[in-house]
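Comments concern the structure below.
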Amino acid sequence: MSSKSSLQGERGFTLAELVVAIGIIGILFSVVFANYRQYDSRILLQNLAHEIAISVREAQILSISVTGASNDFNVNYGVEFTEAVNNRYSIFSRVAGAGSGSDTDVRVIDITRGNRIGDIILCEAGEDYPDDCDNTIESAKVLFKRPHLIADIEVDGALATGANEVILLVSGPVGTDLPDREVHLSKSGRITVR
């Protein structure tokens, strides 16, 4: 009799309790997974903004360095951004004194995962973003000439003499509600990600 009474005292989960527990775990998992995907997308967008800033810094460093075996100090470097091709940008070289038509791509960087360069904004001297500065442009080149770290800003192939800063709005995939990241490229050579 002792074996029969000990079995009656032990009891497991009923089917209803098991279904409720699995349902609660499923809801918790779906909430965590949805928030993780949004967090992951936000981090990828932030990383893209920093990658763009690093690419601009790379062009800046290349412009004051000698690259290759030629010991040629007569080459300038820059970065080109185009709104029409908003999922790609390039680091280019240009022989000093040559026009923008003589640019040679050094490296083309593809933007992946649906992220893109949303808008390219040009700020003139004395304008502050976002209050005064709202000049959306189609393309911009930021060119560094040796021996200086300051930049020449070109818009549509022409030098923008009054330009003080180019701002790139880096956006997430279409249909997401991720806030844009800003990459500020100043004529002084300062690069800021916000």
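The two atoms that bring Leu48 and Arg116 nearest to each other are CD2-N, 4.4 Å, heavy atoms only. Closest non-hydrogen pair, Ala53 versus Ile191, comes out as CB-CG2, 3.5 Å. The minimum heavy-atom distance between Glu165 and Ile153, with the atom names listed, is N-CD1, 3.9 Å. Residues Val193 and Arg181 come closest through the heavy atom pair CG1-NH2, 4.2 Å. Nearest heavy atoms, Ser55 versus Val79: O-CG2, 3.9 Å. Between Gly172 and Leu178, the closest heavy-atom pair is CA-CD1, 4.3 Å.
A single hydrophobic cluster is not seen to contain both Val183 and Ile121; linkage of ILVMFWY side chains at heavy-atom distances under 4.5 Å, directly or through other members, places them apart. In the hydrophobic cluster analysis, where Ile, Leu, Val, Met, Phe, Trp and Tyr join through side-chain heavy atoms closer than 4.5 angstrom, Ile52 is grouped together with Ile91. Taken together through direct or relayed side-chain contacts under 4.5 Å among Ile, Leu, Val, Met, Phe, Trp and Tyr, Val155 and Val56 form part of one hydrophobic cluster.
The aromatic rings of Tyr39 and Tyr36 sit tilted, their planes meeting at an angle between 30° and 60°.
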- Could you please spell out the steps behind the side chain to side chain contact (heavy atoms under 4.5 Å, CB included) verdict for Asp40 and Leu44? CA-CA 6 Å; Asp40 187 46; Leu44 289 172; 4.0 Å; yes
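If you take CG on Leu122 and CD on Glu127, they are separated by 8.0 Å, rounding to the nearest 0.5 Å. For the atom pair CD1 (Ile109) and CG (Asn87), the distance works out to 12.5 Å, reported to the nearest 0.5 Å. Between atom CG of residue Leu159 and atom CG of residue Leu143 there is a gap of 9.0 Å, rounded to the nearest 0.5 Å. Interatomic distance, Leu185 CG to Arg190 CZ, rounded to the nearest 0.5 Å: 10.5 Å. Taking CG from Leu169 and CD from Glu182, the interatomic distance works out to 6.0 Å, rounded to the nearest 0.5 Å. To the nearest 0.5 angstrom, Cys133 atom SG is 8.5 Å from Asp128 atom CG.
By the 4.5 Å heavy-atom criterion applied to side chains, Tyr77 and Gln60 are not counted as neighbours. Using a 4.5 Å cut-off on side-chain heavy atoms (C-beta onward), Asn76 and Phe144 make no contact. In this structure, Val95 and Asn74 have side chains that are in contact, with non-hydrogen atoms separated by less than 4.5 Å. Under the 4.5 Å side-chain criterion, counting only non-hydrogen atoms from C-beta, Ile137 is not in contact with Phe81. Side chains of Val108 and Asp105 form a contact here, defined as non-hydrogen atoms less than 4.5 Å apart. Inter-residue side-chain proximity for Ile167 and Cys123 is flagged as met; some heavy-atom pair is nearer than 4.5 Å.
For the pair Ser90 (side chain) and Phe92 (backbone), a donor-acceptor distance under 3.5 Å is absent. Panel note: side chain Thr14, backbone Glu17; a donor-acceptor pair is recorded below 3.5 Å. Ser102 places no side-chain N or O within donor-acceptor distance of the main-chain N or O of Ala98, the cut-off being under 3.5 Å. Judged purely by atom type and a 3.5 angstrom limit, Glu124 has no side-chain atom pairing as donor or acceptor with the backbone of Asn164.
Remark: Glu58 pairs with Arg107 by the salt bridge (Lys or Arg N to Asp or Glu O under 4.0 Å) rule, at least two apart or across chains.
Checked against Glu83 for a side chain to side chain contact (heavy atoms under 4.5 Å, CB included), the options Leu168, Ile117, Asp119 give a single hit: Asp119.
Between the side chains of Asp156 and Ser139, a donor-acceptor pair is found at a separation under 3.5 Å. Inspection of the Asp180 and Ser171 side chains reveals an N or O donor paired with an N or O acceptor under 3.5 Å.
By the 4.0 Å N-to-carboxylate-O rule, Asp103 lies close enough to Lys141 to be salt-bridged with it. Between Arg88 and Glu80 there is no salt bridge, since no side-chain N of the basic residue sits under 4.0 Å from a carboxylate O of the acidic one.
For Lys145, the NZ atom counts as loosely surrounded, since its 6.0 Å shell holds 12 or fewer non-hydrogen atoms of other residues, nucleotides or ligands.
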